[in-house]
Engineer: 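For reference, the structure I am asking about is given below.
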Amino acid sequence: MRVREIHVKGFKSIVEQTISLGRVNCFIGANGVGKSNVLEALGVLGAAADGRVDDEHIIRNGVRAGLPRLFKSSFAGTQIPPHISLEATGEPQATFRVSLLNPLDKPAPAWTFKSEFLSSGETQIVSRGVRSDEENLDKTRGLSALKVVDLQPGDPASLLLKALQEYVIYTPNTPALRAIVPDAQTRVPVGLVGGGLAEGFAALKRTVDEACVDEVLDLVDWVSDVGVTNVVGDLLSPSVPRTKNVLKFTDRFMASSRNTLTAADASEGALYVLFAAVLCLSPSSPSIFAIDNLDSALNPRLVTRLVSHLSAWLAVTSPDRQLLFTAHNPAVLDGLDLDDDEVRLFAVERNSQGHTTVRRVTLTPELEALNETYPLSRLWAMGNLGAVPNV
């Protein structure tokens, strides 16, 4: 199942936007324009697909918790909308749509479903509105999550809800990747901030072709091998916190008597590369997921090479797996093959009213002519693609 289109209305800085997705979806723009809001809108919809929108569910999806007033669009001179509308359309044809309500003056632990719609092809499975609801129905519980158990496993509506329920936003940080701090949201193959990377990489080596692993390691030129061990001996200071299993790197330039180091001492760039690779290649990863700030801690040339592999890696275990990610490093763009319709670049900006707008960047004849002289990274820096800060 591919999520082909999302529609967001009244969510944070997004007054109303429709976004058509491919396999790889890169969102660029200045700080504070709403890139993460796009990812989080899908996270809230995922919670609704699971039947309940509250802090517990959205945090598990990687969405920042907050008061209702922080989730609803609020601009000077305009009225705050009473509800948030979110919709996803899948391929094969299926649609899931909700309107969520939580009053500003008396916020409740869980948002209520003002309306809810689920369809498979031309068949309506759930069509729930305020006037059609029974009086004793718990409006904080979604009906679609209940109805889906009656559907065949391969039904498009069932596949769409499952994809949305699995969706999560990953925001890796270096201490969690080094396994010296715990990850509050543990998952398979890795936690939301990078916890469990050693276990995730060990599982990856068992499940994918050796050629795929070699392709990952080729991105880190100082590494000859990466393994996982629970015996650190003199590899790690006893004062450094650690999990049961740790990554063990072999440095090809160092003397064989002291060429092994753990994630606590390894280059953080290597950890971020392994993190992205595990998520893209692992068969246990969500069918659709997001990485906020994919380019964190990565050298420009390295991030270009990493991004160039993403589309192929995602297709290794599933032709339908999708990735959304945000980035600020212009070198990211040079790894995107925009001639492939499944690789999509989006410029995120705020208009004159402050509303977040999302525009797909395609290679128009004018851009193609410029691209013969300048790489996309340079065109972005020069302002030809938009999505640059007004400073």
Side-chain angles (χ1 to χ4, degrees), residues 36 39-40 42-43 46-47 50 55-65 165-208 213 216-217 219-220 223 226-232 235-249 260-298 306 310 313-314 317 321 323-326:
S36 298
L39 308 185
E40 291 193 335
L42 194 52
D50 204 33
D55 283 356
E56 179 183 352
H57 282 77
I58 66 172
I59 289 172
R60 179 162 174 75
N61 288 0
V63 178
R64 295 164 291 183
Q165 290 166 358
E166 291 180 348
Y167 172 80
V168 66
I169 305 165
Y170 294 91
T171 311
N173 65 55
T174 302
L177 292 171
R178 293 198 191 282
I180 59 177
V181 300
D183 192 324
Q185 294 291 332
T186 57
R187 282 187 174 234
V188 175
V190 289
L192 266 59
V193 297
L197 181 59
E199 291 81 0
F201 185 71
L204 183 70
K205 292 183 74 173
R206 294 193 300 267
T207 55
V208 301
V213 177
V216 175
L217 298 186
L219 294 178
V220 189
V223 168
V226 179
V228 177
T229 182
N230 59 10
V231 180
V232 294
L235 296 178
L236 189 64
S237 167
S239 64
V240 177
R242 53 159 290 194
T243 54
K244 178 181 178 181
N245 297 306
V246 298
L247 286 168
K248 182 176 67 174
F249 295 84
T260 304
L261 60 160
T262 69
D265 297 302
S267 155
E268 62 179 347
L271 302 177
Y272 282 86
V273 167
L274 293 184
F275 176 83
V278 167
L279 279 177
C280 291
L281 289 165
S282 173
S284 58
S285 293
S287 60
I288 179 170
F289 62 93
I291 301 177
D292 211 3
N293 298 316
L294 175 82
D295 50 334
S296 292
L298 298 179
L306 172 64
L310 295 177
W313 285 353
L314 288 165
T317 55
R321 181 165 290 162
L323 165 65
L324 291 73
F325 71 91
T326 65

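From a predicted model like this one, the values you see are computed outputs, not experimental measurements. For this chain, numbers begin at 1 and follow the sequence in order. FYI, side chains are in, hydrogens and waters are out, and symmetry mates aren't considered; it's all heavy atoms of this structure.
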Engineer: Indicate the atoms forming the closest heavy-atom contact of H57 with D50, along with that distance.
Structural biologist: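 Distance-wise, the nearest heavy atoms are CD2-OD2, 3.6 Å.
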Engineer: Can you check whether I169 reaches L42 side chain to side chain, under 4.5 Å on heavy atoms?
Structural biologist: no
Engineer: Working to the nearest 0.5 Å, report the span between NZ of K248 and OG1 of T260.
Structural biologist: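 K248 NZ to T260 OG1: 6.0 Å, rounded to 0.5 Å.
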Engineer: Could you note down all residue pairs passing side-chain hydrogen bond (donor to acceptor under 3.5 Å, both in side chains) where residues 266-275 supplies at least one of them, sequence neighbours left out?
Structural biologist: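 As it turns out, the side-chain hydrogen bond (donor to acceptor under 3.5 Å, both in side chains) pairs with a partner in residues 266-275, which skip direct neighbours, are T174-E268, T174-Y272.
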Engineer: Keeping the roles fixed (side chain from Q185, backbone from G62), state whether a donor-acceptor pair exists under 3.5 Å.
Structural biologist: no
Engineer: Holding to side chain to side chain contact (heavy atoms under 4.5 Å, CB included), I want the full list of residues that pass it with T326, two or more places apart in sequence or in another chain.
Structural biologist: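 For T326 the side chain to side chain contact (heavy atoms under 4.5 Å, CB included) partners, ignoring immediate neighbours, are F27, K35, L39, D292, N293.
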Engineer: On a heavy-atom basis, which atom in F289 and which in Y170 lie closest, and how many Å separate them?
Structural biologist: CB-CE1, 3.9 Å
Engineer: Please report the closest heavy-atom contact between V190 and G196, naming both atoms and the distance.
Structural biologist: CG1-O, 4.0 Å
Engineer: Quick one: side chain to side chain donor-acceptor pair (under 3.5 Å) partners of T317, sequence neighbours excluded?
Structural biologist: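 Applying side chain to side chain donor-acceptor pair (under 3.5 Å) to T317 gives R321.
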Engineer: Does the pair F275 and L294 meet the rule for a side-chain contact (heavy atoms from CB on, under 4.5 Å), with working shown?
Structural biologist: CA-CA 10 Å; F275 176 83; L294 175 82; over 6 Å; no
Engineer: Side-chain donor-acceptor pairs under 3.5 Å in residues 277-286, sequence neighbours left out?
Structural biologist:
| unit_1 | atom_1 | unit_2 | atom_2 | d |
| --- | --- | --- | --- | --- |
| S282 | OG | S284 | N | 3.2 |
| S282 | OG | S284 | OG | 2.9 |
| S285 | OG | L279 | O | 2.7 |

Engineer: Checking side-chain contact (heavy atoms from CB on, under 4.5 Å) between L247 and each of L274, T262, L261, which is the one that passes?
Structural biologist: L274
Engineer: Identify, with sequence neighbours excluded, every residue that meets side chain to side chain contact (heavy atoms under 4.5 Å, CB included) alongside A176.
Structural biologist: N173, V181, V193
Engineer: Could you pull out the closest heavy-atom pair between A202 and V228, with the gap in Å?
Structural biologist: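 Smallest heavy-atom distance, with atoms named: CB-CG2, 3.8 Å.
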Engineer: So, using side chain to side chain contact (heavy atoms under 4.5 Å, CB included) as the criterion, who are the partners of E56 when residues are at least two apart?
Structural biologist: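 Here the qualifying residues are D54.
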Engineer: Taking the side chain as everything from C-beta on, heavy atoms only, tell me whether L192 gets closer than 4.5 Å to T171.
Structural biologist: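 The answer is no, as the side chains (C-beta and beyond) never meet within the 4.5 Å cut-off.
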Engineer: So which heavy atom on A264 is nearest to which on I180, and how close?
Structural biologist: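 Scanning both residues completely, I find the closest heavy atoms to be CB-CG2, 4.5 Å.
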Engineer: Do you know which two heavy atoms are closest between N61 and A47, and how far apart they sit?
Structural biologist: ND2-N, 3.3 Å
Engineer: Please report the C-alpha distance between V226 and V220 in whole Å, then the side-chain angles of each, then the deciding distance to 0.1 Å, and finally whether the side-chain contact (heavy atoms from CB on, under 4.5 Å) criterion is met.
Structural biologist: CA-CA 10 Å; V226 179; V220 189; over 6 Å; no
Engineer: Could you tell me which residues satisfy side chain to side chain contact (heavy atoms under 4.5 Å, CB included) with V213, sequence neighbours excluded, listed by chain and number?
Structural biologist: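 With sequence neighbours excluded, V213 shows a side chain to side chain contact (heavy atoms under 4.5 Å, CB included) to F201, K205, V208, L217, given in chain and number order.
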Engineer: For F249, which residues count as a ring-ring contact (aromatic ring centres under 6.0 Å, His included) partner, sequence neighbours excluded?
Structural biologist: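 F249: ring-ring contact (aromatic ring centres under 6.0 Å, His included) contacts with W222.
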Engineer: Donor-acceptor pair, distance only, cut-off 3.5 Å: does the side chain of R187 make one with the backbone of R60?
Structural biologist: yes
